[in-house]
Participant: 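Structure below; questions to follow.
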Amino acid sequence: MSVEDQLELIRRGAVLVENEEELRAKLALGRPLRIKHGADASSPRLHLGHAVQLRKLRQLQEMGHEVIFLVGDFTARIGDPSGKSQTRPLLSAEQVEANAARFAAQAAKILDMDRARVEFNSRWLGQMTFADVINLASRATVARMLERDDFAIRFAENRPISVLELLYPLVQGYDSVALEAYIETGGTDQTFNFYQARTLMRSYGLEPQCFITMPLLEGTDGHEKMGKSLGNTIDLLDTPAEKFGKVMSLPDTLLTKYLLLCTDTPEVEIEELGRGLADGTVHPGQLKRRLAREIITLYDSAEEAREAEREFDIRHKPGTDVSALERVAEEVRLPARVFAEPMWIVGLLSACGLVKTNSEARRMVQQGAVRIDGERVEDEAAEVLVREGLIVAVGKRRVARIVREA
RNA sequence: GGGGAGAUUCCCGAGCGGUCAAAGGGAGCAGACUGUAAAUCUGCCGGCGAAGCCUUCGGAGGUUCGAAUCCUCCUCUCCCCA
């Protein structure tokens, strides 16, 4: 692939390529380039936000470059105090190891992991003496650190910034020094750290890395960046049905962004579709269905994508009958004794795991969310005769089919 | 080192010594509506088979018939001065 072709592919979806001239020169070397990417081993489930990053790496991998996942095991064991999650638990070496393995297993859905390398920053950070740390710290200033938005805002709002946090960009930058990275990729939230790395690399007499930042994908709420703590993720390990429903719940405004970042749809086609949405010739609902199918096809299969769409229609089309509900129900095993006599509706919902507490069960009944074999139950004192195959539904999304336990 | 401010339910935030399971907002959940799990409107939003009771307002003690509210000590955060 020619240098210009590579550059064009690299630019797809990217917010910033720093610095394009330098990158062109590196690509022109015509050999595999070391690419550093910080692996987020802290979250057990990768989501589409991670996928945006991983897909960019896959592109680079396909161009023949060498991807290195950097696991911040050293830093994870110290604990990351960044911003809101100050009580993030410190991880043991074993936990970090396990997380990294889980990350790699999921990343394999996107990348060729046989051709990727996993590194742990304890390898070099663990060797450093305090003198080395002071040497490192001497290469940066507080004023530069406070240029970072997050710090500037918190400083202005009198919110805490620990000294450790100021050290983090330096540590990350030093990782680039240690790896002698040619290119680093990451989210736009890493821009500051990436620039810091370039400065540090120069200071250590290395050629500064180029970097590519990708947008942070908004989650299912449509506003906030996708993240586990916000509960707005679409996970790679979500079932096809879950993926479909979650994609359908995205606001229409995110359609083209998702197509660009989460699918292989050609950019010219995305532009066309965007115009179609604007002038009304493209139906957003239909396009969203297509988006959902493509995403599921990518991570599961085309067949599962079709099945997920069918299930979605069963759940949401009006006049859904019991036999259809049956198809989307989760099996719930109940002990044989509850089949003997009528069971209190609230207890049944709890037993099926459809609600967390009896109070929640009562509320669901009161609000008309509960259906037994398709029949709405609105009396919270109701007794239900439990039988094999009974369909118990709470709202549209929680459906159980009773199975007698042997 | 000195002085000041603060810590409230998932998050932000209001709380007069009794009427506080604790205002309001956000998130979440449900119902209606919809191409959609979007938007909008409405309701719910600690737990208990619901009567009343139990646990909750940084931690530990104390005052009081009664404490999220008062006192003491402790932990943590922020500000000002040195």
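The shown structure was predicted, so the numbers you read here are calculated from the model rather than taken from an experiment. Chain identifiers are assigned alphabetically (A, B, ...) following the order of the sequence lines, protein sequences preceding nucleic acid strands; residue numbering begins at 1 within each chain.
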Participant: With C1' as the reference atom in both, quote the distance from rG62(B) to rC76(B) in angstrom, rounded to an integer.
Facilitator: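 Comparing C1' positions in rG62(B) and rC76(B) gives a spacing of 23 Å.
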Participant: For rC53(B), which nucleotide is its Watson-Crick or G-U wobble mate, given both distances must be under 3.5 Å?
Facilitator: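 Per the H-bond distance test, rG47(B).
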Participant: Determine the Euclidean distance between corresponding C1' atoms of rU8(B) and rA14(B); express it in Å to zero decimal places.
Facilitator: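 Straight-line distance between the two C1' atoms is 10 Å.
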Participant: rC48(B) phosphate, OP1 or OP2: any side-chain N/O from S359(A) under 4.0 angstrom?
Facilitator: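 For S359(A), the contact criterion (side-chain N or O under 4.0 Å from OP1 or OP2 of rC48(B)) is met.
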Participant: For the P atoms, the ones on rC41(B) and on rG47(B), what distance do you get once it is rounded to whole angstrom?
Facilitator: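 Between the two P atoms, the distance is 27 Å.
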Participant: Sticking with atom P, work out how far rA7(B) lies from rG52(B), rounded to a whole angstrom.
Facilitator: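 About 34 Å, rounded to a whole number of Å.
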Participant: Please report the distance, rounded to the nearest Å, between OH in Y258(A) and P in rU36(B).
Facilitator: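 Atom OH in Y258(A) sits about 20 Å away from atom P in rU36(B).
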Participant: How long is the line joining CD of Q366(A) and C1' of rA50(B), in whole Å?
Facilitator: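 After rounding, the gap between these two atoms is 10 Å.
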Participant: Does a donor on one side chain sit under 3.5 Å from an acceptor on the other, for S122(A) and D73(A)?
Facilitator: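 Yes.
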Participant: Taking for each residue the nucleotide of RNA chain B bearing the nearest heavy atom, is the 5' side occupied by A369(A) or by K246(A)?
Facilitator: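 The residue whose closest nucleotide sits nearer the 5' end is A369(A).
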Participant: Can you identify which nucleotide, out of rG49(B), rG47(B), rG35(B), has its nearest atom closest to the P284(A) side chain?
Facilitator: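 Nearest to the side chain of P284(A) among the choices is rG35(B).
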Participant: Touch check for G245(A), heavy atoms < 4.0 angstrom, all strands: base, sugar-phosphate only, or nothing?
Facilitator: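 Base, at least one base atom sits under 4.0 Å.
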Participant: Distance check needed: rA37(B) P versus D252(A) CG, whole Å only.
Facilitator: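 Value for this atom pair: 12 Å.
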Participant: Taking donor-acceptor contacts at under 3.5 Å, does the side chain of Q367(A) reach the base of rG31(B)?
Facilitator: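 Side chain to base: no pair present.
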Participant: Among rG47(B), rG31(B), rC48(B), which nucleotide has an atom closest to any side-chain atom of R363(A)?
Facilitator: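 Among rG47(B), rG31(B), rC48(B), the one nearest the side chain of R363(A) is rG47(B).
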Participant: Specify the separation, in whole Å, of atom CG of D313(A) and atom P of rU36(B).
Facilitator: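 Result: 10 Å.
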Participant: For rA22(B), give its Watson-Crick or G-U wobble partner with both distances under 3.5 Å, or none.
Facilitator: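 Its partner: none found.
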Participant: Send over the distance from R293(A) CZ to rG35(B) P, rounded to a whole Å.
Facilitator: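 Computing the R293(A):CZ to rG35(B):P distance gives 19 Å.
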Participant: Within the structure, does a side-chain N or O atom of R362(A) lie under 4.0 Å from either OP1 or OP2 of rC48(B)?
Facilitator: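 Answer no for this pair, as no side-chain N or O of R362(A) is under 4.0 Å from OP1 or OP2.
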Participant: Do the rings of F69(A) and F103(A) sit parallel, tilted or perpendicular, given the 30° and 60° boundaries?
Facilitator: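 Perpendicular.
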Participant: Compare side-chain N and O positions of R397(A) against OP1 and OP2 of rC29(B) and report whether any pair is under 4.0 Å apart.
Facilitator: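 So the side-chain polar atoms of R397(A) do come within 4.0 Å of the phosphate oxygens OP1 or OP2 of rC29(B), strictly under.
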Participant: Closer to the 5' end of RNA chain B via nearest nucleotide, is it A241(A) or V370(A)?
Facilitator: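 This one resolves to V370(A).
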Participant: Establish, with yes or no, whether the OP1 or OP2 oxygen of rA37(B) is under 4.0 angstrom from a side-chain nitrogen or oxygen of K396(A).
Facilitator: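 For K396(A), the contact criterion (side-chain N or O under 4.0 Å from OP1 or OP2 of rA37(B)) is met.
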Participant: In whole Å, measure the gap between the C1' atoms of rU64(B) and rC70(B) for me.
Facilitator: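 Pairwise C1' distance, rU64(B) against rC70(B), rounds to 9 Å.
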Participant: If we call it a pair only when both distances are under 3.5 Å in a Watson-Crick or G-U wobble match, what pairs with rA68(B)?
Facilitator: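 Its partner is none (no Watson-Crick or G-U wobble pair with both distances under 3.5 Å).
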Participant: With no hydrogens and no angle check, do the side chains of E18(A) and Y195(A) hold a donor and an acceptor under 3.5 Å apart?
Facilitator: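 Result is yes, a qualifying pair exists.
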Participant: Is the closest basic N to carboxylate O distance between E22(A) and R198(A) below 4.0 Å?
Facilitator: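 Counted as a salt bridge, because a side-chain N and a carboxylate O are separated by less than 4.0 Å.
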Participant: Answer with base, sugar-phosphate or nothing: what part of the nucleic acid does M248(A) contact at a heavy-atom distance below 4.0 Å?
Facilitator: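 Base, at least one base atom sits under 4.0 Å.
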Participant: Looking at the side chain of W344(A), which of rG49(B), rU36(B), rC29(B) is the nearest nucleotide?
Facilitator: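 Output: rG49(B).
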Participant: Starting from P on rG47(B), measure out to CG on N358(A) and report it in whole angstrom.
Facilitator: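 Atom CG in N358(A) sits about 10 Å away from atom P in rG47(B).
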Participant: Partner of rG1(B) by Watson-Crick or G-U wobble geometry, both contacts under 3.5 Å, or none?
Facilitator: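 rC81(B) - that is the nucleotide pairing with rG1(B), both distances being under 3.5 Å.
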Participant: Grab the CZ-C1' distance between R376(A) and rA30(B) for me, whole Å please.
Facilitator: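 The answer, rounded to whole Å, is 10 Å.
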Participant: Does rU36(B) have its OP1 or OP2 closer than 4.0 Å to a side-chain nitrogen or oxygen of S249(A)?
Facilitator: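 No, because none of the side-chain N or O atoms of S249(A) sits under 4.0 Å from OP1 or OP2 of rU36(B).
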Participant: The side chain of P251(A) is closest to which nucleotide in this list: rG35(B), rA38(B), rA30(B)?
Facilitator: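 The closest nucleotide is rA38(B).
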Participant: Can you tell me the base-pairing partner of rG17(B)? Count Watson-Crick or G-U wobble geometry only, both distances below 3.5 Å, and say none if there is no partner.
Facilitator: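 Its partner: none found.
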Participant: Please pick, from rC29(B), rU36(B), rC48(B), the nucleotide with the shortest atom-to-atom distance to any side-chain atom of R398(A).
Facilitator: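 Looking only at side-chain atoms, R398(A) lies closest to rC29(B).
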Participant: Pick the C1' atom in rU9(B) and in rG26(B), then give their distance to the nearest Å.
Facilitator: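 That atom pair is separated by 14 Å.
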Participant: If pairing requires Watson-Crick or G-U wobble contacts with both distances under 3.5 Å, which nucleotide is the partner of rA30(B)?
Facilitator: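 With both distances under 3.5 Å, rA30(B) matches rU42(B).
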Participant: Report yes or no: do T265(A) and T263(A) form a side-chain donor-acceptor pair below 3.5 Å?
Facilitator: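 Yes, side-chain donor-acceptor contact under 3.5 Å.
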Participant: Given atom CG of L255(A) and atom P of rA39(B), what is their separation to the nearest angstrom?
Facilitator: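 It works out to 15 Å between those atoms.
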Participant: Looking only at the side chains, is there a donor atom on one of Q172(A) and D175(A) sitting less than 3.5 Å from an acceptor on the other?
Facilitator: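 Per modelled atom types, Q172(A) and D175(A) side chains form no pair under 3.5 Å.
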Participant: Using atom C1' of each nucleotide, how far apart are rG28(B) and rC79(B) to the nearest Å?
Facilitator: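 To the nearest whole Å, 36 Å.
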Participant: Between rU69(B) and rG18(B), how far is it from one C1' atom to the other, in whole Å?
Facilitator: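 Rounded to whole Å, the distance is 11 Å.
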Participant: Please work out if E378(A) contacts a base, only the sugar-phosphate, or nothing of the nucleic acid, heavy-atom cut-off 4.0 Å.
Facilitator: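 Nothing, no heavy atom under 4.0 Å.
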Participant: Classify the side-chain pair Q6(A)/H65(A) by whether it contains a donor and acceptor separated by less than 3.5 Å.
Facilitator: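 Note: Q6(A) and H65(A) side chains meet the donor-acceptor criterion.
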Participant: Going by purine N1 to pyrimidine N3 plus the second Watson-Crick contact, or the G-U wobble pair, all under 3.5 Å, which nucleotide sits opposite rU63(B)?
Facilitator: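 Answer to the pairing question: none, since rU63(B) forms no Watson-Crick or G-U pair.
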Participant: Quiz question: by atom type and distance under 3.5 Å, do the side chains of K56(A) and Q59(A) form a donor-acceptor pair?
Facilitator: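 Side-chain D/A pair, K56(A) to Q59(A): present.
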